[in-house]
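Numbering of residues begins at 1 and proceeds along the displayed sequence.
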Amino acid sequence: MDKNLLEYIEHPISAAIRTDEDFSAALRSQVNMVFLLHVNILTIDRCIKEVHSAGKKVFVHVDFAEGIGKDRYGLQFLAQKNVDGILTTRTNIVKAAKDLGLIAVQRFFIVDSHSIGTSLDSFKQSKPDMVEIMPGIVTKKIREFSQITDVPIIAGGIIETEEEVVEALKSGANVVSTGESKLWSLDIKR
């Protein structure tokens with residue numbers, strides 16, 4: 001990816017959207033990145049247009065996108081629809097997305113020491129543009145990732161308070177992804 005992704009990130013909080021109510025709130029919020037966690041082939045056009053009209057970047061979680069293939073053709077479909085990027089846990093999807101010029105965010109679930117090793121191995125293979133480490137409250141592991149990579153880190157999952165946002169950012173995350181709409185308009189300074 002030729003873009004300087006740290007400059008691409010204008011606000012340190014992204015909106016992780018699961019419902020129509022959250023979608024509307026995200027469009028009105030200060031976030032500049034919207035992660036569509038539950039979208040389908042019938043709603044994708046409208047969602048992309050509304051997010052872009054609000055001046056925000058749109059990312060589709062392809063592992064959850066209904067009616068859209070979790071393969072190269074599904075990614076080509078999303079690229080033709082002008083999504084900015086995708087989220088996935090799958091190494092092969094990251095590689096294919098990057099080949100199509102999409103920003104690829106790879107999600108890693110850190111649950112134990114073994115998952116750190118397998119996540120790092122996967123990261124080395126796929127070379128995502130950004131990584132999302134979940135749950136985002138594992139600041140010690142965010143710090144470890146931030147010391148071995150220069151790609152932007154997104155802390156996501158189970159972040160419910162302003163203190164957790166601040167701690168994740170202090171630990172090395174560049175963005176905090178949260179479904180808590182009350183946090184989307186926090187005035188956080190870097």
Side-chain angles (χ1 to χ4, degrees), residues 1 3-19 22-23 25-38 51 56-64 84-91 94 103-124 126-190:
M1 184 70 21
K3 299 175 185 173
N4 181 338
L5 290 173
L6 291 177
E7 290 179 14
Y8 185 85
I9 300 167
E10 298 168 16
H11 188 69
I13 300 172
S14 67
I17 305 302
R18 285 184 166 66
T19 67
D22 287 346
F23 182 77
L27 295 179
R28 294 186 307 272
S29 74
Q30 294 181 20
V31 303
N32 77 302
M33 294 192 308
V34 175
F35 296 167
L36 300 177
L37 303 182
H38 291 287
V51 172
K56 301 171 187 314
K57 308 296 183 199
V58 61
F59 292 75
V60 172
H61 195 313
V62 295
D63 299 353
F64 299 144
D84 296 288
I86 59 98
L87 295 100
T88 185
T89 59
R90 301 170 183 186
T91 300
V94 169
I103 295 172
V105 177
Q106 188 166 9
R107 287 180 137 191
F108 295 107
F109 293 92
I110 306 302
V111 295
D112 57 21
S113 59
H114 178 71
S115 62
I116 289 287
T118 57
S119 295
L120 290 173
D121 289 343
S122 180
F123 169 80
K124 290 174 187 173
S126 63
K127 298 179 177 58
D129 298 302
M130 293 189 237
V131 295
E132 182 173 15
I133 299 170
M134 299 182 75
I137 57 175
V138 291
T139 54
K140 176 179 163 185
K141 298 305 174 187
I142 293 170
R143 193 169 290 111
E144 283 181 33
F145 262 80
S146 70
Q147 292 172 355
I148 63 162
T149 182
D150 59 354
V151 302
I153 295 173
I154 303 165
I158 319 173
I159 295 179
E160 300 169 340
T161 68
E162 182 175 351
E163 293 78 22
E164 291 166 345
V165 169
V166 170
E167 186 60 35
L169 293 170
K170 283 183 183 176
S171 296
N174 302 97
V175 174
V176 175
S177 171
T178 180
E180 292 292 329
S181 59
K182 67 183 181 215
L183 300 177
W184 295 344
S185 294
L186 287 177
D187 190 15
I188 305 284
K189 303 293 184 219
R190 290 183 218 230

As an exercise, state the distance from [atom1] of [X] to [atom2] of [Y], rounded to the nearest 0.5 Å.
{"X": "Glu180", "Y": "Ile13", "atom1": "CD", "atom2": "CD1", "answer": "11.5 Å"}
{"X": "Phe109", "Y": "Thr118", "atom1": "CZ", "atom2": "OG1", "answer": "12.0 Å"}
{"X": "Ile154", "Y": "Met130", "atom1": "CD1", "atom2": "CE", "answer": "5.0 Å"}
{"X": "Thr88", "Y": "Gln106", "atom1": "OG1", "atom2": "CD", "answer": "7.0 Å"}
{"X": "Thr161", "Y": "Lys182", "atom1": "OG1", "atom2": "NZ", "answer": "8.0 Å"}
{"X": "His61", "Y": "Phe35", "atom1": "NE2", "atom2": "CZ", "answer": "10.0 Å"}

N-O pairing of Glu144 and Lys141 below 4.0 Å:
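Yes, charged N to carboxylate O under 4.0 Å.
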
Donor + acceptor pair across side chains of Ser181, Asp22 (<3.5 Å):
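The answer is no; no qualifying pair exists.
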
Exercise: do Arg143 and Ser171 side chains pair donor with acceptor under 3.5 Å:
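On atom types as modelled, these side chains qualify, holding a pair under 3.5 Å.
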
Under the side chain to side chain contact (heavy atoms under 4.5 Å, CB included) rule, what do Val34 and Lys57 come out as? Steps first, then yes or no, please.
CA-CA 6 Å; Val34 175; Lys57 308 296 183 199; over 6 Å; no

Describe, in one word, how the ring planes of Phe123 and Phe145 are oriented to each other, choosing from parallel (under 30°), tilted (30 to 60°) and perpendicular (over 60°).
perpendicular

Would a 4.5 Å heavy-atom cut-off, applied to side chains only, mark [X] and [Y] as touching?
{"X": "Phe108", "Y": "Thr89", "value": "no"}
{"X": "Ile17", "Y": "Leu36", "value": "yes"}
{"X": "Ser115", "Y": "Ile110", "value": "yes"}
{"X": "Pro152", "Y": "Ile9", "value": "yes"}
{"X": "Phe59", "Y": "Ile86", "value": "no"}

Under 3.5 Å, side chain of [X] to main-chain N/O of [Y], donor-acceptor pair present?
{"X": "Glu164", "Y": "Glu160", "answer": "yes"}
{"X": "Asp84", "Y": "Val58", "answer": "yes"}
{"X": "Asp129", "Y": "Val151", "answer": "no"}
{"X": "Asn32", "Y": "Lys56", "answer": "no"}
{"X": "Trp184", "Y": "Arg28", "answer": "no"}
{"X": "Ser122", "Y": "Ser119", "answer": "no"}
{"X": "Thr178", "Y": "Ile159", "answer": "yes"}

Looking at every heavy atom in both [X] and [Y], which two are closest together, and how far apart are they?
{"X": "Pro135", "Y": "Ile158", "value": "CB-CD1, 3.6 Å"}
{"X": "Val175", "Y": "Ser14", "value": "CG1-N, 3.8 Å"}
{"X": "Ala15", "Y": "Ala26", "value": "CB-CB, 3.6 Å"}
{"X": "Gln30", "Y": "Leu186", "value": "OE1-O, 3.8 Å"}
{"X": "Gly136", "Y": "Ala168", "value": "O-CB, 3.9 Å"}

Would you sort out whether Leu169 and Ile188 count as a side chain to side chain contact (heavy atoms under 4.5 Å, CB included), showing the intermediate values?
CA-CA 10 Å; Leu169 293 170; Ile188 305 284; 3.5 Å; yes

Audit row: Leu120, Ile148, side chain to side chain contact (heavy atoms under 4.5 Å, CB included) steps and yes/no
CA-CA 10 Å; Leu120 290 173; Ile148 63 162; 3.2 Å; yes

For the pair Leu27 and Val51, evaluate side chain to side chain contact (heavy atoms under 4.5 Å, CB included) and give the outcome as yes or no after the intermediate values.
CA-CA 6 Å; Leu27 295 179; Val51 172; 4.0 Å; yes

